[in-house]
Q: 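Dropping the structure in here first, questions after.
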Amino acid sequence: MQVRIVASVLLACTAALLLRATNLLNVFPPDGVLASDGWILLGIDDSYFHARRALYTFENFPAILEFDRYLAYPHGAAQPTPPLHDWLIAAVARLFGSDLRTFELVAAWISPVLAALLPLSAFWIAASLAGARIGLLASWLVAVLPASALITSLGNCDHHAAVALLVSLWIAASLRERRISGMRLLAHGLLHAAIVAALMLTWSGSLLYVAIGEGSRLVAIALCRPRPERFFAMAGSDLLAAAIVSAWLLQSAPPLGGPLTSQTLSQLHAIALLSLAVLAAALGALERIWPSDRSTARLGRAVLVGSCVALPSLAVPEIRDALATGLAFVGKGDVWAETNAEQLPLFHGDSEAAASPTTRFGYLVYAIPLLPLLIARLGLRAPIESRDRWLLVFLWSLALCALSLSQVRYATDYAVLAALGFALLLREVRGLLARRFEPRLSLALTAAFGLVALSPAYAHFAPRISTTLRYLVTGGEVVDPDARLRRSWTNYAFARMVREATPETAGFLDETRTPEYGVLVRPGQGHLFAYVARRPVPANNLGPYLDRELYRRTQSFYEAQQTDAALEILESLRVRYFVTSLGRVTPDTFAASVHFLNDSSVRGGKRSSSGRIRLVVEGPPGGRPFRTLRGRDGPLEVPTHKLFELVEGAVLVAEAEPDAAAAAELELRTPLGRIRYRAVGRADASGRLRLRVPYPSEVPAAGPPAVHALGRWRIELGGERYEASVAEVDVREGREVRIARGNEPG
């Protein structure tokens with residue numbers, strides 16, 4: 001029987017790994033689809049952030065990137081996340097090789113491998129409460145539920161899988177604690193401290209789980225016939241965890257947000273653990289001196305002593321403000337939260353932004369609000385000697401259930417306890433059916449009920465499994481060669497195009513060097529361009545939490561309507577390039593005009609060219625999303641992404657009649673075809689024309705750039721036709737270039 005149980009749990013772990021690898025096509029695109037074969041696409045958004053930091057450690061092992069000049073350009077910023085997860089990615093990758101592909105392979109597989117261990121921890125937790133059968137059912141449920149697979153899949157090297165695993169280990173360790181004593185309890189305390197410290201060194205929001213986890217542990221000990229040594233064991237483990245965290249903080253750079261911030265790892269975390277250690281030690285001493293048989297009295301004593309321990313810390317204004325900020329984030333009381341899909345409630349109606357609730361948990365999702373009540377009910381029916389375990393799981397489940405209902409980001413962490421709750425629910429369903437039907441029929445009906453309830457999970461994985469199998473069978477060939485690029489491929493390919501089309505910047509793998517320039521992108525694209533394009537950005541996906549002023553100015557640029565205001569922002573940010581993306585441009589803004597018109601003047605248009613913005617690269621070919629514009633020449637495909645450069649612009653000069661109209665045109669070759677750039681102006685009252693243009697007409701000897709001229713500038717001025725040759729140095733330094741008639745030299 002024991003062998004069968006072990007084999008079944010291991011099989012569930014294998015199934016969890018395979019299901020999380022069903023997005024193989026997204027991560028390893030077929031040869032010939034993108035501009036270069038062999039690329040590995042590391043998930044979305046925050047994955048690139050973690051990959052950037054892990055790559056630094058991989059190349060400079062065992063160094064940790066603490067201050068990053070590619071964040072909050074131009075002055076840089078302290079890393080806002082603890083280092084352990086990224087450091088482990090680099091350390092594991094170093095075991096297998098020293099090249100970039102080895103690193104990215106490890107980074108791609110880190111989340112599914114860690115998530116594949118969740119069925120094991122689910123079995124430990126469930127079996128300790130309700131036996132091996134419920135443990136096996138819970139392990140399989142967590143293996144197949146999309147809730148724990150959506151952001152722990154192949155390619156996503158974000159911290160979610162690590163956090164979910166550490167949370168489940170924290171719960172399992174707390175459950176095991178009640179069954180041991182003496183030296184074994186001491187050794188267990190060391191293990192518990194390691195788990196708590198590991199979570200705090202992995203996730204910025206760990207202070208929340210310290211309150212939930214150690215608070216639940218303390219209440220469970222206090223209410224259920226405590227042994228003083230359990231209080232002392234908790235005090236020792238929390239004290240050790242605080243020492244580990246403090247040791248790291250004392251030798252590292254100051255945390256982003258200050259030494260007492262709740263937004264990332266700081267001394268506030270160590271203070272919280274130290275306070276819990278003092279509280280547990282005090283309760284242990286009181287229990288030894290004045291033992292009480294009444295649980296309500298013990299709980300009241302814990303509240304009273306806890307208040308005395310907490311009040312000195314809460315009297316410090318910095319601590320109060322930090323806790324208020326953290327609560328505002330959890331309660332979604334900030335502007336950035338409104339734009340973050342991870343902070344949507346579990347039951348939401350925006351299926352484009354985040355997976356639906358039934359996709360995450362199947363139809364069992366409608367039972368989620370009731371799961372803590374079910375656990376409480378079963379705990380009250382359990383033998384007295386095991387009620388502290390049920391109480392502990394109830395408190396964890398109540399907290400994680402509330403958090404998941406409020407924000408889908410916590411659904412991954414809740415998946416293990418949700419699987420336990422579903423397993424218990426199915427057992428209750430079988431019990432009800434067994435009152436009316438024979439055992440085999442009641443079991444069959446329960447199984448049918450469970451399969452129907454999980455059918456949305458099948459609907460989620462089935463097409464991915466089919467596509468992955470076809471992809472593997474065909475040896476990596478394109479499954480649908482006529483299909484446009486997937487959005488993840490599109491974004492990644494363009495970031496690579498940006499890297500190839502722009503000069504390298506210093507400091508990507510050497511924190512002592514300062515990058516020469518920055519690239520302005522929408523905050524939601526910042527992590528992608530910092531890692532894939534290897535260019536510093538002023539604002540990224542961390543929004544206002546990284547640098548509020550840089551975030552504000554970045555947003556202001558993409559919302560600016562006037563050309564002068566937009567150019568002023570670019571110069572103040574000291575960026576050389578900026579990116580516009582279809583679907584992320586606001587109508588009637590400078591950025592929208594630049595994206596659709598390339599800052600070119602159009603006859604009868606509302607906006608004239610600035611003469612300082614030039615297109616550097618556009619694409620990628622076949623990228624998503626595309627928008628179709630219909631004009632007299634039929635449909636026009638607008639490139640998904642464009643990169644522009646801010647230049648001084650060469651000045652075309654000539655003598656003409658006062659107020660004479662002028663128009664200069666240049667034909668350009670781009671990665672997607674040909675475009676025509678047009679600049680218009682007028683001579684002044686003295687008859688002098690000065691017309692600023694951003695493109696050279698020359699082609700560099702080293703080879704043409706992605707966007708280059710196909711001839712000389714052609715100018716119409718006062719009914720006459722002129723031509724001009726403009727050099728790159730003229731554009732960069734803002735030199736004057738005299739125009740000449742026909743083919744005369746300029």
Side-chain angles (χ1 to χ4, degrees), residues 46 49-50 52-57 60 62-88 90 159 196-210 241-275 312-329 334 336 507-515 518 523 526-527 530 536-552:
D46 290 350
F49 173 77
H50 289 281
R52 186 268 182 279
R53 195 178 190 188
L55 180 61
Y56 178 90
T57 298
N60 301 279
I64 293 173
L65 182 62
E66 297 184 54
F67 186 87
D68 192 355
R69 299 183 188 276
Y70 278 60
L71 299 175
Y73 179 84
H75 47 257
Q79 279 286 343
T81 58
L84 183 59
H85 177 63
D86 305 332
W87 190 90
L88 286 176
H159 60 251
V196 173
L199 181 58
M200 300 184 83
L201 290 168
T202 297
W203 181 43
S204 298
S206 57
L207 192 62
L208 175 64
Y209 284 170
V210 169
I244 295 172
V245 170
S246 294
W248 161 252
L249 291 170
L250 290 174
Q251 61 84 44
S252 64
L256 183 71
L260 294 176
T261 178
S262 63
Q263 299 299 95
T264 189
L265 184 62
S266 73
Q267 289 295 349
L268 181 61
H269 296 65
I271 291 172
L273 285 171
L274 183 60
S275 299
S313 297
L314 295 176
V316 180
E318 292 81 1
I319 293 180
R320 291 201 308 271
D321 292 343
L323 293 175
T325 302
L327 289 174
F329 182 82
D334 56 271
W336 184 247
F508 185 74
L509 296 174
D510 184 355
E511 64 177 342
T512 64
R513 300 181 63 191
T514 302
H527 292 336
V537 295
N540 60 21
N541 307 64
L542 296 171
Y545 302 119
L546 185 64
D547 189 302
R548 189 171 296 276
E549 176 59 22
L550 290 176
Y551 167 77
R552 184 193 65 79

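On a predicted model such as this, the values are computed, not experimentally measured, just so you know. Counting begins at 1 with the first residue of the sequence.
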Q: Mind checking whether Leu71 and Pro80 have side chains closer than 4.5 Å, heavy atoms only?
A: yes
Q: Decide yes or no for Phe49 and Asp68: does some side-chain heavy atom of the first lie under 4.5 Å from some side-chain heavy atom of the second?
A: no
Q: Taking the six-membered ring of Tyr70, is the NZ or CZ of Arg53 close enough (under 6.0 Å from the centre) and on axis enough (within 45°)?
A: no
Q: A side-chain contact here means heavy atoms from C-beta on lying under 4.5 Å apart; do Met200 and Val210 qualify?
A: yes
Q: Let me confirm one number: the OG-CD1 distance from Ser313 to Ile319, rounded to the nearest 0.5 Å.
A: 4.5 Å
Q: List the atom of Thr261, the atom of His269, and the distance in Å for their closest heavy-atom pair.
A: O-CE1, 3.9 Å
Q: Taking all non-hydrogen atoms of both residues into account, name the closest pair between Thr81 and Ser204 and its distance.
A: CA-OG, 3.5 Å
Q: Can you confirm whether His527 sits close enough to Leu542 that some side-chain heavy atom of one is under 4.5 Å from a side-chain heavy atom of the other?
A: yes
Q: Please find the pair of heavy atoms, one from Val196 and one from Ala241, that lie closest to each other, and give the distance.
A: CG1-CB, 4.1 Å
Q: Please determine whether the number of non-hydrogen atoms from other residues, nucleotides or ligands lying under 6.0 Å from atom CZ of Arg320 exceeds 12.
A: yes
Q: As an exercise, state the distance from CG of Leu268 to CG of Leu273, rounded to the nearest 0.5 Å.
A: 10.0 Å
Q: Which heavy atom of Ala539 sits nearest a heavy atom of Leu550, and at what distance?
A: CB-O, 4.3 Å
Q: Between His50 and His159, how do the two ring planes meet: parallel, tilted or perpendicular, split at 30° and 60°?
A: perpendicular
Q: Of the non-hydrogen atoms in Ala54 and Ala90, which two are nearest, and what is the gap between them?
A: O-CB, 3.4 Å
Q: For the residue pair Leu55 and Phe508, establish whether any side-chain heavy-atom pair is separated by less than 4.5 Å.
A: yes
Q: Would you check if Gln79 and Asp86 make a side-chain contact, meaning some heavy-atom pair closer than 4.5 Å?
A: no
Q: Just verifying a value: how many Å separate Leu201 CG and Trp248 CH2, rounded to the nearest 0.5 Å?
A: 8.0 Å
Q: Please test Tyr551 against Leu546 for side chain to side chain contact (heavy atoms under 4.5 Å, CB included), starting from the C-alpha separation and ending with a verdict.
A: CA-CA 8 Å; Tyr551 167 77; Leu546 185 64; over 6 Å; no
Q: Between Thr57 (side chain) and Ala63 (backbone), is there a donor-acceptor pair under 3.5 Å?
A: yes
Q: Which distance, rounded to the nearest 0.5 Å, do you find between the CH2 of Trp203 and the OG1 of Thr264?
A: 11.5 Å
Q: Could you tell me which non-hydrogen atom of Asn60 sits nearest to which non-hydrogen atom of Leu509, and how far apart they are?
A: ND2-O, 3.2 Å
Q: Distance-only, no hydrogens or angles: does the Ser252 side chain make a donor-acceptor pair with backbone N or O of Glu66 under 3.5 Å?
A: no
Q: Would you indicate whether the side-chain heavy atoms of Leu314 and Leu323 approach each other to under 4.5 Å?
A: yes
Q: Do Pro515 and Tyr73 come within less than 4.5 Å of each other through their side chains, counting heavy atoms only?
A: yes
Q: Backbone N or O of Leu84 within a donor-acceptor pair of the Thr202 side chain at under 3.5 Å?
A: no
